[in-house]
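Residue numbers start at 1 and run along the sequence shown.
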Amino acid sequence: MANIETKVAELLKSTIENLGYKLYDVIYEKEAQDYYLRVFIDQKEGISLNDCEKVNNAISDLLDEANYIKEAYFLEVSSPGIERLLRKDEHLQEVLNQEIILNLYKPIEMLNEQNHKKNVSKKQLIGILKEFNEEKIVLKIEESKITIQRKDISNMKLKYNWD
């Protein structure tokens with residue numbers, strides 16, 4: 001499915017940019033019996049429902065003509081949201097030194113708050129993104145830097161402080 005996402009992104013990018021938006025991401029996935037093509041757009045001022053409708057109208061015919069997706073699907077155009085998924089290096093670059101949430105495929109052992117007393121298993125980490133490359137992510141959690149292999153991460157997203 002990643003190949004479809006790449007092809008669709010290449011197809012839509014210039015059209016979306018010509019409308020004054022940034023193509024943030026494309027996700028093609030199956031949920032239950034239905035397929036969804038999700039196109040995420042962004043701009044500094046934020047995204048409104050009208051923006052989504054404008055982009056939807058501009059890309060629907062392009063997608064139909066290209067016919068990359070053989071099965072029936074639902075097209076959704078939206079903002080990436082406040083706690084946006086971080087799937088690409090360019091997403092990570094935009095949030096360097098900001099707080100992110102990492103979800104892992106399996107728990108890792110970490111020291112608890114009192115340090116050195118007892119290990120705790122964590123499947124979700126929240127910390128400041130300090131660096132990354134194609135193999136690893138480095139987070140600052142409290143006073144420690146923790147390196148996580150990217151292959152062990154199920155997803156990452158920006159953490160928004162709701163307080």
Side-chain angles (χ1 to χ4, degrees), residues 1-14 16-17 19-32 34-49 51-52 55 73-163:
M1 288 197 203
N3 191 25
I4 289 175
E5 293 172 356
T6 302
K7 288 168 81 173
V8 167
E10 289 169 0
L11 174 70
L12 302 180
K13 186 174 186 205
S14 64
I16 290 171
E17 287 176 352
L19 292 171
Y21 307 102
K22 174 184 169 193
L23 176 60
Y24 182 81
D25 206 355
V26 173
I27 298 176
Y28 179 63
E29 60 192 346
K30 185 175 183 180
E31 289 182 7
D34 296 320
Y35 287 90
Y36 292 86
L37 178 63
R38 294 186 167 107
V39 177
F40 298 94
I41 59 172
D42 206 6
Q43 68 177 346
K44 287 183 181 171
E45 301 80 30
I47 297 297
S48 71
L49 189 56
D51 297 324
C52 295
V55 170
Y73 65 91
F74 294 97
L75 173 61
E76 293 180 356
V77 177
S78 68
S79 158
I82 293 174
E83 290 193 332
R84 56 194 56 205
L85 280 176
L86 306 169
R87 296 188 341 136
K88 302 175 182 177
D89 284 354
E90 66 189 64
H91 299 160
L92 294 172
Q93 189 63 46
E94 290 173 4
V95 300
L96 260 178
N97 296 311
Q98 293 184 49
E99 198 168 32
I100 67 170
I101 301 168
L102 288 184
N103 290 304
L104 306 170
Y105 288 113
K106 59 185 179 192
I108 60 169
E109 294 293 315
M110 298 188 60
L111 296 173
N112 69 5
E113 290 77 32
Q114 289 82 27
N115 281 342
H116 308 297
K117 286 231 176 169
K118 185 163 118 183
N119 285 345
V120 292
S121 275
K122 292 209 172 207
K123 198 170 176 181
Q124 183 179 77
L125 303 174
I126 299 173
I128 306 295
L129 176 63
K130 296 312 282 180
E131 58 185 275
F132 67 92
N133 62 34
E134 56 186 53
E135 295 174 7
K136 65 182 180 182
I137 300 287
V138 178
L139 285 184
K140 182 179 179 198
I141 300 175
E142 295 173 10
E143 298 305 315
S144 303
K145 280 192 179 177
I146 296 170
T147 301
I148 306 293
Q149 296 300 309
R150 281 179 85 157
K151 65 180 176 51
D152 297 331
I153 300 170
S154 63
N155 68 49
M156 299 178 275
K157 63 183 181 176
L158 183 63
K159 180 166 186 327
Y160 181 75
N161 186 355
W162 294 94
D163 296 334

With sequence neighbours left out, which residue pairs that include part of residues 136-157 fulfil the ring-ring contact (aromatic ring centres under 6.0 Å, His included) condition? none
Pairs satisfying ring-ring contact (aromatic ring centres under 6.0 Å, His included), at least one member in residues 124-161, at least two apart: Tyr160-Trp162
Partner set under salt bridge (Lys or Arg N to Asp or Glu O under 4.0 Å) for Lys22, not counting sequence neighbours: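 By the salt bridge (Lys or Arg N to Asp or Glu O under 4.0 Å) rule, Lys22 matches Glu94.
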With sequence neighbours left out, what residues match Glu76 under salt bridge (Lys or Arg N to Asp or Glu O under 4.0 Å)? Arg38
Going by side-chain contact (heavy atoms from CB on, under 4.5 Å), name the residues that satisfy it together with Gln124, two or more places apart in sequence or in a different chain.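 If we apply the side-chain contact (heavy atoms from CB on, under 4.5 Å) test to Gln124, skipping adjacent residues, the hits are Ile101, Asn103, Ile126.
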Not counting sequence neighbours, which residues clear side-chain contact (heavy atoms from CB on, under 4.5 Å) with Leu12? List them please.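 Partners of Leu12 by the side-chain contact (heavy atoms from CB on, under 4.5 Å) criterion, ordered by chain and then number, come out as Val8, Ile16, Val39, Ile59, Leu62, Leu63.
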Looking at [atom1] of [X] and [atom2] of [Y], how far apart are the two atoms once the value is rounded to the nearest 0.5 Å?
| X | Y | atom1 | atom2 | result |
| --- | --- | --- | --- | --- |
| Lys136 | Ile153 | NZ | CD1 | 12.0 Å |
| Glu99 | Leu139 | CD | CG | 9.5 Å |
| Glu10 | Leu23 | CD | CG | 10.5 Å |
| Asp34 | Phe74 | CG | CZ | 4.5 Å |
| Tyr35 | Tyr28 | OH | OH | 5.5 Å |
| Leu85 | Phe40 | CG | CZ | 7.0 Å |

Are the side chains of [X] and [Y] in touch, meaning some heavy atoms are under 4.5 Å apart?
| X | Y | value |
| --- | --- | --- |
| Val138 | Ile148 | no |
| Asn155 | Leu86 | no |
| Ile128 | Ile141 | no |
| Leu102 | Ile137 | yes |
| Lys106 | Lys123 | no |
| Leu75 | Tyr36 | no |
| Gln98 | Leu158 | yes |
| Glu5 | Ile27 | yes |

Under 3.5 Å donor-acceptor, [X] side chain and [Y] backbone:
| X | Y | result |
| --- | --- | --- |
| His91 | Tyr24 | yes |
| Gln43 | Gly46 | yes |
| Arg87 | Lys157 | no |

Is it true that Tyr21 and Asp51 share a donor-acceptor pair across their side chains at a distance under 3.5 Å? yes
Donor-acceptor pair between Asn3 and Thr6 side chains, under 3.5 angstrom: no
Please name the pair of heavy atoms, one in Val95 and one in Ile100, separated by the smallest distance, quoted to 0.1 Å.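 Heavy-atom minimum between the residues: CG2-CG2, 4.1 Å.
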Where do Cys52 and Ser79 come nearest, in terms of heavy atoms and distance? SG-N, 4.4 Å
NZ/NE/NH1/NH2 to OD/OE distance under 4.0 Å, Asp89 and Arg150: yes
Salt bridge Arg84-Asp25, side-chain N to carboxylate O under 4.0 Å: no
Please check if the number of heavy atoms outside Lys145 that lie under 6.0 Å from its NZ is greater than 12.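 Incorrect, the count does not exceed 12.
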NZ/Lys140: more than 12 non-hydrogen atoms of other groups inside 6.0 Å: no
Intermediate values then yes/no, side chain to side chain contact (heavy atoms under 4.5 Å, CB included), Leu104 and Lys122: CA-CA 8 Å; Leu104 306 170; Lys122 292 209 172 207; 5.9 Å; no
